[in-house]
Structures are given as structure tokens and as C-alpha cells.
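All ligand and atom numbering here is 1-based and tracks the order in the structure.
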Amino acid sequence: MKIFIDTANLDEIREAAAMGILDGVTTNPSLVSKEGHKDFRSMLEKICAMVDGDISAEVVSTNCDDMLKEGRELAKIHKNIVVKVPLIKEGLKAVKVFSEENIRTNVTLCFSASQAVLAAKAGAYIISPFVGRLDDISQNGMELIGQIVQIYGNYNYQTQVLVASVRHPIHFVESCLLGAEITTMPFKVIEQLAKHPLTDIGLEKFLSDWDKLQKN
Ligand code: G3P
């Protein structure tokens, strides 16, 4: 299981990388806007310098030709850049061309198994189904992950399943059990993965017992 962080916050990326568990970074226009990175290129260069893994950078055009122009420029920034493309018809056309040009793509905003099949056939390197946003509308997001993993296995599609819109540790554990290749999470969820109340209680006891020994 590869762990990506879903943020454009450089401090969070630095902190997660220091934990030794980070395999990549996903960003999207909302996350970049939240952090106020007006210079997208410079933000990506900084992230690429911090993390040696796939770094997703999303295009903001909605027609194939403009997506291709944007994506080709993004791909030139660093060898680890993966061009993120929305799962719309124009996006699929762009994914096909990118794949012929050996530019890797992360196809985002996937909410159905049929969309995921099309992305794989177009040549996506990564598919990003959004589980939390499905849960938000009373559809089980993890069921979709199970379907995509099974379908990709049935046909031996090489596209990696990246579980996105992750809201809590159960999403992560279920992704591991289902065999998805990647989970991307906000920093808060990465921190939650490491937390256990018994670890905290146990550590407090060890340290207070050690203290007692020093005082006697
Ligand atoms: O980066 C895409 C995805 O992870 C967004 O998550 O929480 O905005 O649904 P969220």
C-alpha cells in the first residue's frame, strides 16, 4: 500500500515525509487555492524537492487540446509529476494522447465503476475514486473500490487504484484489505493512523515508572 498525502500545505508534506511513510502527494485546484499558492509551478517544484514519489498536478482546462497543453507543461517540471485529469469525455481523449506520449496521468473525480473502466482503457496510470464524497450522499464509497479492484483484476488492467476523498482511518484499512494500490489522505488522517489510546496510556505508565526509579 502506497501512502500519499492529499494537501498543498508544504509544512504538512514536510512533516509526513519526515515520518518515513510518504510515497507521494496529490493536489487539486481547491487544495492549492486553500493554501494561496498563486505560483503553481514553484509550489510543485518545492513539493518535488521534498518527496521522491508521484506528485499529482491537476489541469484546469476542460477541453482536450488545452488539457494537453497544460499537462505537457506540468510534466516538464519534474520527472515525478503525474498529470491529473478530470473524468469527462475530453479528459479521456487527453489521457489517451498523454499515454502515447508517455506522460503519466491520474484520472480524478471518478464516482463509478464504468468511469473507472473507461479511464483504464484510455491508458490512465492512476484512477482516483472519491470515497468520502460518495459516503456523503449515502452511497458506500468503499463498495466502489471493491468493484474497481475486482474489475481491474479480471482484465489485468495496469491502472493503479488510488483511494481519494478519504475521511478517516477505516477508509484506509478497508483500502488495504481490498488491495487498492494507493490511498491519499489529509495530514489529519495520516496522524490518526498512528494514534492509539493504549499506546499513549502505555507510554505514560512506562515513563512514570521510570521516573519513580530515578527518584528512589
Ligand atoms: O484530492 C481529491 C480528493 O481526495 C478530495 O477529497 O475531502 O475534498 O472530498 P475531499
Chemist: Compute whether any side-chain donor of one residue and acceptor of the other, for Thr26 and Thr184, lie under 3.5 angstrom apart.
Modeler: yes

Chemist: Please tabulate, one line per pair, the protein nitrogen or oxygen atoms found under 3.5 angstrom from a nitrogen or oxygen of ligand 1, with distances to 0.1 Å, or say none if there are no such pairs.
Modeler:
from	atom 1	to	atom 2	distance (Å)
ligand 1	1 (O)	Asp6	OD1	2.9
ligand 1	1 (O)	Asp6	OD2	3.2
ligand 1	1 (O)	Asn28	ND2	3.0
ligand 1	4 (O)	Asp6	OD2	2.5
ligand 1	4 (O)	Ser165	N	2.8
ligand 1	7 (O)	Arg167	NE	3.4
ligand 1	7 (O)	Arg167	NH2	3.4
ligand 1	8 (O)	Arg133	NH2	2.8
ligand 1	9 (O)	Arg133	NE	2.6
ligand 1	9 (O)	Ser165	OG	2.7
ligand 1	9 (O)	Arg167	NH2	2.8

Chemist: Which residues end up grouped with Leu213 if you chain together Ile, Leu, Val, Met, Phe, Trp and Tyr wherever their side-chain heavy atoms are less than 4.5 Å apart?
Modeler: Trp210

Chemist: Salt bridge check, Asp11 against Arg14: does any charged N sit closer than 4.0 Å to a carboxylate O?
Modeler: yes

Chemist: Would Glu73 and Lys76 pass as an ion pair if we require N to O under 4.0 Å?
Modeler: yes

Chemist: If you define the side chain from C-beta out and look only at heavy atoms, does anything of Val161 sit under 4.5 Å from Ile182?
Modeler: no

Chemist: Check whether more than 12 heavy atoms from other residues, nucleotides or ligands sit under 6.0 Å from atom CD of Glu100, and answer yes or no.
Modeler: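 Yes, the 6.0 Å shell around CD holds more than 12 heavy atoms from other groups.
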
